[in-house]
Amino acid sequence: MTGTARLKLLVLPAALFVLAVYAWPTLGLFRNAFNETGPTGAMIEAWSLKTSQEVFSDGFTFELTLNSLWLSLSATLIALMLSYPVALFLFRTTSRFRGLLAVIAIMPMLISGVVRVFGWLAILGDRGLVNTLAQSLGLISTPIKLVFNWTGVTIGLAESIMPYMILALLAGFGQLDRTLEEASRSLGASPARTFWRVTLPLSLPALALAAGLGFVLSMSAYITPKLLGGGRVFVLATEIFEQATTNTNWPVASVLAIYTLLLLLLLLVASNIAAKGLQR
Amino acid sequence: MPTRRLVIQAGLASIAAPAIVRAQGLSGSITLMSYSGIFQDNYTKTVIEPFQQAFPGIKVNFAPGGTSAQMVGSVRAQKADPQIDVAIMDVTTSSIGNSEGLFEKLTPAEFPVLNELLPEARAAGGEYGPAVTFDHLVLVYDTQNLKPPLATLADLWRPDLKGQLAISAPPNIQGLALTAMVEKMTGGDYRKSIDNAIKKLRELAPSVNTFEPNPDGYSLILNGVVKVATGWNARSQLYADQTGGKIGALLPPEGSVFQINTINLTAGSKNRAAAAAFVNYALSQAAQKAFTERMFYAPTNAQAAIDPKAIARTAAAPDSRARMIGLDWNDVLKVRDQWNNRWRREVIAAAR
Amino acid sequence: MSYLELSGLQKRYRDSVAVDDVSLSVEQGEAVALLGPSGCGKTTTLRMLAGLVDPDRGAILLDDTEITRLPAHRRNMGYVFQSYALFPHLTVARNVGFGLEERGIAKAEIARQVTEALALVRLAGLDGRRPRELSGGQQQRVALARALVIRPAVLLLDESLSNLDAKLRDTMRHEIRSIQRSLGITTLFVTHDQVEALTMCDRIAVMDRGRIAQIGSPEDIYERPATRFVAEFVGRANALPATRDAEGRAVLWGQALPVKAPARGAFDLFVRPQRMRIVPVSEPVADGMARVTGRVLRSVFVGDHVEVLFEGAGGQLTIETQSGTAALPEGTEVAVIWQARDTLPFARETP
């Protein structure tokens, strides 16, 4: 056996694992998508496109898609603007606490999404930190609605994808060399000009990578829209869950899941192409 | 009420099991799937443990199943190789399981206890598993901070409740039940149209804090997030007791709707005899009495002799019974998607 | 006052001193090398000059103006980085024009100056290339053009040739030197390569552990090293442990030499291998010459010269002789002689 063949063998357990926990259920998903649902909700085994036709002729599916895209876009942009300075700082700092700081930055990743959401409720709720503070400062007289609506979901989602985006940015900062910024400074560019002409352009591949990841994570996020949305935020992920676990409508849930999967694949490919284009 | 001593006796009984097992002729273990949390705790104490004492050869495993829809999903996924023998779930989902052939039909010949049940309990399951508990939709409210207290369904529209409501919207069955109740309140009949209800609910929408209370409406009230929520009577009564009356449960004079849990025997159960014995026991007078007195679900066994104090706090109390709207969940299932869409487009959209 | 004055510069890092105390005066148009081993503080000194590192103490004066705290982008220093630091996302022309763009110069004028600068470094026509499409030598030239085009007050080169192969390094050395001379631009080189320092500069500052050990012309540094460190670092030298006799002369391997020994302490005699000659044992000793006897251990042909390893009564030394002469067979008894004034006694360092 050659070295590479042996190396390939090392991938086998992982491949089998993925096959078992991902490929197989996905196949089940495909199967269910061709089933039908009876008038009282019973699943009827079939090989038909009736469910797909129903799903795609329903204007609500289109609305859900737009909602998902819009939510993902806004959460990603907010998270990107917040993650970039953090990642840049972590990338550059020579502090001996760099490791610790990096861990702190990605710590939210280690906390359950549900716990994080309840944290946001405590901060953004009617009687939460923000409203209490704003009221005691006399800025507002009645609480402003920051949760159980799009605002809350966008904030919560942006926060939840930030650690991933910070990691993606750090991984993508390959070209970003401190010396290049020094060269720019030595050539007469102020720190602001240096950022604009050197740092930012060289960060673009990393930003594209992070944005792609954040977007995909947002598209598939379920807990945050569900718990912070107050039943007002309808996106593909929540609808899939609702159809599967409240309506017992597996065929519709499967069609929507496959649709979302294809949408995500498309986005991943597009973001990959964009990142490669920027790297050139 | 099973005391600690009873539990210990049950334990001792199982050590001495072999001899008795032969006597009973039933042994092995079965899995019961139902709601987790306080339902599991109380059902284990009032029904499962006494059953195990009566049938020392049988071990009942309680598998928490999430929502009813998730439970029927589990049974569906295990159709080829069932791991769950008995499932207690909402009638709207058990009926799906019935029509998919996931559950067995039950006959009075094999289950004589069926003859003791209320007619509507039998009717709920048709030829399949009958109702094992009755519950109803209530308005749960904060007894300490809501002045005056909630008295009617129409009170939801009170201006002082703006932003203080946690309403479970469809497809949650609380939302479906509320729709029928509001239609009735406005003089209509859900079987014909819900136009009145939707119009009225649309006016309510801006007052709603959340249409999806998490983890549930009771907690949101106890945490001070809202003052009123939709809820189920049994849990509300229990939480009211547990919190020293901090929350109250109102059966609106305008009427309410039954929520029905059925008990279902899985088709192809690997220990069918033991599972059947459990179904029989769960519907028996003793089990029904014990569980109602513990958790205030109305009994489905007409002959269960229940403490009047407990009965008064269930929908089985005569004056409560009179207020119930005759809602057939099988009717609602057919229009569920339609109601759901109207809520999303007309009600929730008005609250944004 | 000189054009560029560094006085008492110091830079400390967390637990080490990078630059301890550096003072240096540079005349306009002069090329000065900061030569030293890695970690001697030469690059830090250069970075302080460019404003990329803040000194903890000391001052930098340029043309009588203090610039110690002036931000880097307002110093007008042309810095050529060791890694060249070309902007990978910009073309060669945009790289070279970068500094001019920052100075708000008109587009047409930038284009003209860029073309001129590229011609100067013999890269005409490569305007549209990206840095990664260039060879190492070409990248080096772009970096040089980019630093020169802004007409810097001082040109700073940080180990600029170390990434090139030996042959290219020779070419670039001469090119940079001739450009520097023709433009008359004040230049500071940082290098650990003595050949670079000796050939490219008017003066050399040899640095050792954050301080300047010696400043002088290449000849001074080579011929008259002021410290043992300089003698060891610049050029090659035999370091021969010696003792002192009653008359205060140095004694090597039991033979008194006409060299004055230091008054006290252990010391070594430093003699450059190419200053030594091999002669027959029978040849008489001339006045002012030092002489030891022994035998040839080994001869190694190095191309332009031959290295002869010689063993005497008390140790070994190396002699460089011109190639072309017949190699002496191993074991030949010979004498090694050199001018007494080519012998430099330095106190032995106590480790």
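No experiment lies behind these values; they were computed from the predicted model shown. Letters A, B, ... are given to chains in the order of the sequence lines, protein chains preceding strands, and every chain is numbered from 1.
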Is the CZ atom of C:Arg169 crowded by more than 12 outside heavy atoms at less than 6.0 Å? yes

By side-chain contact (heavy atoms from CB on, under 4.5 Å), C:Ala18 pairs with (sequence neighbours left out) C:Tyr13, C:Thr44

Checking side chain to side chain contact (heavy atoms under 4.5 Å, CB included) against C:His89, which of A:Leu202, A:Leu180, A:Leu204 comes through? A:Leu202

Flag yes if more than 12 heavy atoms outside C:Arg181 fall under 6.0 Å of its CZ atom; otherwise flag no. no

Under 4.5 Å, heavy atom to heavy atom: which of residues 53-83 of chain C reach chain A? Give them by number, or say none. C:Pro71, C:Ala72, C:His73, C:Met77, C:Tyr79, C:Phe81, C:Ser83

Within residues 191-199 of chain A, which residues come under 4.5 Å of chain C, heavy atom to heavy atom? A:Pro191, A:Arg193, A:Arg197, A:Val198

Does A:Arg92 CZ have over 12 foreign heavy atoms under 6.0 Å away? yes

When rounded to the nearest 0.5 angstrom, what is the spacing between CZ in C:Arg47 and OG in A:Ser186? 10.5 Å

Greatest number of heavy atom pairs closer than 4.5 Å to chain A - which of C:Ala85, C:Pro152, C:Ala50, C:Ala147: C:Ala85

Taking side chain as everything from C-beta outward and backbone as N, CA, C, O, which of these in C:Leu100 sits under 4.5 Å from a heavy atom of chain A? Side chain, backbone, both or neither. neither

What donor-acceptor contacts under 3.5 angstrom involve side-chain atoms of residues 77-89 of chain A, with partners at least two apart or in another chain?
unit_1	atom_1	unit_2	atom_2	d
A:Ser83	OG	A:Ala79	O	2.5
A:Tyr84	OH	A:Ser203	OG	2.5

Measuring from atom CG of A:Leu187 to atom CZ of C:Arg146, what distance do you get when rounded to the nearest 0.5 angstrom? 5.0 Å

